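Before any comments, here is the structure.
This is a predicted model, so every value here is computed, not measured. Any value given below was found using the heavy atoms of this structure, including those in side chains, with hydrogens, waters and symmetry copies removed.
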Amino acid sequence: MRAHSSATTTSPIAVATPGPERPGFGTLQAALGVVAFSLTFPATAWGLEGFGPWSLVAVRSVLAAVIAGGCLLALRVPLPARRHRVGLAVVGAGVVLGFPLLTTLALETSTTAHAAVVVGLLPLTTALFSALRVGTRPSRTFWTAALVGAAAVLAFTVQQSGGALTTADLYLFAALLVCAAGYTEGGRLARVMPGWQVIGWALVLCLPLTVPVAAFALTREPVQLTAHSVTGLLWVAAGSQFAGLVVWYRGMAAIGIPKASQLQLAQPLLTLVWSVLLLGEHLTVAAPLTAAAVLVCIAVTQRSRG
């Protein structure tokens, strides 16, 4: 496949840049991304029942890259322009490699409820990265609601974990930083190229690293194929790593990175619901109170003007 500039193509489908979308549709796409992401931790916990952490992360990335690469080849999408490749590398480092690996390592010793602290703080961190990288300037009302929402989710998840910091917490906080950087860069790129191509090229770009790591890890870590482990692997590969990021980046491009990121305030609560249904974990009475506070904060941030 030969590189072309973004203005030259052999297929109008391949280089169609995202046109203006209704804000409501952009919000819906971002929300679908949040739902997909909310299943990531429970699916990862299932995957860890049959795979080691390095095997799970590497294989999920390879499988997602196969799906993305097949779509890119089928539509004869030209290679991304040189000016976009550094940004794609940031997306790959943050959301394809960094966040999955760090959170998977954390989930070896942490519950999904405890790990939800990452996504509780992720919206605020993403908005901060966006302000630094893209130059967005949300309103004071936006920041107040974002801080209150993040504080509510953080207090809830820390209370669930007993408030003790562990090695898993260090993994989670590091994951928070790299994922926010990847989200911000991906949202910026999704303004000039289709969102599915952003994550697609990022996944393909990581193949020279993920393929040998997957091959090596599978020979070093035990593998036990069960219904849970296979389902978890397939979801984190096709759902979280590809489909979820496609609609997420499209949503961010349509409604803006800060507002889209605030929808993730609902993600920890959704994750806790899935944890109860899929993993048998138990919620405390604080859950509905936190959910109500989060929904109010989301409503305020979505209505505020930057």
Inset, instruction - Decide whether E221 and S55 meet the rule of one side-chain donor and one side-chain acceptor closer than 3.5 Å. - result: yes

Inset, instruction - Walk me through it: do V230 and T226 pass the test side chain to side chain contact (heavy atoms under 4.5 Å, CB included)? - result: CA-CA 6 Å; V230 173; T226 65; over 6 Å; no

Legend entry - Distance, nearest 0.5 Å, that separates OG1 of T210 from CZ of R60: 12.0 Å

Inset, instruction - Consider only side-chain N and O atoms of T40 and S240, and report whether a donor and an acceptor are under 3.5 Å apart. - result: yes

Legend entry - Backbone of V95 reached by a side-chain donor or acceptor of Q241 within 3.5 Å: yes

Legend entry - same_hphob_cluster(L218, L63) at 4.5 Å side-chain heavy-atom cutoff: yes

Legend entry - In one Ile/Leu/Val/Met/Phe/Trp/Tyr side-chain cluster, 4.5 Å: L177, L101: no

Inset, instruction - Specify the closest pair of heavy atoms between P53 and L105, including all atoms of both residues, with the distance to one decimal. - result: CB-CD2, 3.9 Å

Legend entry - L122 to C179 - nearest heavy-atom pair and separation: CD2-SG, 3.9 Å

Inset, instruction - Please work out whether the ring planes of F37 and W248 are parallel, tilted or perpendicular, with thresholds of 30° and 60°. - result: perpendicular

Inset, instruction - Please check if any side-chain donor atom of S275 sits under 3.5 Å from a side-chain acceptor atom of T112, or the reverse. - result: yes

Legend entry - Flag for S38-W274: side-chain donor and acceptor within less than 3.5 Å: yes

Inset, instruction - Find the distance between CE (M252) and CD (Q29) and round it off to the nearest 0.5 Å. - result: 11.5 Å

Inset, instruction - Is it possible for you to say whether L75 and I67 belong to one hydrophobic cluster, with membership spreading through side-chain heavy-atom contacts below 4.5 Å? - result: yes

Legend entry - Close side-chain approach of T109 to T167, heavy-atom, < 4.5 Å: no

Inset, instruction - Would you confirm whether S229, through its side chain, and Q224, through its main-chain N or O, come within 3.5 Å as a donor-acceptor pair? - result: yes

Inset, instruction - Report the C-alpha separation of H84 and V198 in whole Å, then their side-chain angles, then the decisive distance to 0.1 Å, and conclude whether the side chain to side chain contact (heavy atoms under 4.5 Å, CB included) test is met. - result: CA-CA 9 Å; H84 299 322; V198 174; over 6 Å; no

Inset, instruction - May I ask you to check whether F216 and W54 place their ring centres under 6.0 Å from each other? - result: no

Inset, instruction - State plainly whether one hydrophobic cluster holds both L245 and V34, where clusters connect Ile, Leu, Val, Met, Phe, Trp and Tyr through side-chain heavy atoms under 4.5 angstrom apart. - result: yes

Legend entry - From L154 atom CG to L147 atom CG, the distance as rounded to the nearest 0.5 Å: 11.5 Å

Inset, instruction - Output the distance between atom CZ (F41) and atom NE2 (H114), rounded to the nearest 0.5 Å. - result: 10.5 Å

Legend entry - Closest contact, heavy atoms only, V96 versus C206: CG1-SG, 3.8 Å

Inset, instruction - Mind listing the closest non-hydrogen atom pair of P100 and G94 along with its distance? - result: CD-O, 4.2 Å

Legend entry - Heavy-atom pair with the smallest gap, counting every atom of A116 and P268: O-CG, 3.7 Å

Legend entry - Nearest atoms (heavy-atom pairs only) where C297 meets V148: SG-CG1, 3.8 Å

Inset, instruction - Give the intermediate values and the outcome of side chain to side chain contact (heavy atoms under 4.5 Å, CB included) for residues L97 and L209. - result: CA-CA 10 Å; L97 301 176; L209 180 61; 3.7 Å; yes

Inset, instruction - State, yes or no, whether a side-chain contact exists between Y183 and Y249 at a heavy-atom distance under 4.5 Å. - result: yes

Legend entry - Member of V91, V77, L189 meeting the side-chain contact (heavy atoms from CB on, under 4.5 Å) criterion with W201: V77

Inset, instruction - Give a yes or no on this: more than 12 heavy atoms of other residues, nucleotides or ligands lie within 6.0 Å of atom CH2 of W143. - result: yes

Inset, instruction - Spell out, as yes or no, whether a donor-acceptor pair under 3.5 Å connects the side chain of S110 to the backbone of L107. - result: no

Inset, instruction - Using the side chain to side chain contact (heavy atoms under 4.5 Å, CB included) rule, take L172 and L102 through it: C-alpha gap first, then chi angles, then the decisive distance, then the call. - result: CA-CA 6 Å; L172 293 171; L102 291 166; over 6 Å; no

Inset, instruction - State, without any angle test, whether T141 and T144 hold a side-chain donor-acceptor pair at a distance under 3.5 Å. - result: no

Inset, instruction - Report the distance from atom CG of L39 to atom OG1 of T271, rounding to the nearest 0.5 Å. - result: 7.5 Å

Legend entry - Spatial distance of atom OH (Y171) from atom OG1 (T104) [nearest 0.5 Å]: 11.5 Å

Inset, instruction - Mark yes or no for whether R250, through its side chain, and W196, through its backbone, hold a donor-acceptor pair below 3.5 Å. - result: no

Inset, instruction - Would you check if V204 and L72 make a side-chain contact, meaning some heavy-atom pair closer than 4.5 Å? - result: yes

Inset, instruction - Check whether F142 and V300 end up in the same hydrophobic cluster, where Ile, Leu, Val, Met, Phe, Trp and Tyr are linked by side-chain heavy atoms less than 4.5 Å apart. - result: no

Legend entry - Pairwise side-chain contact, I199 with F242, heavy-atom cut-off 4.5 Å (strictly under): yes

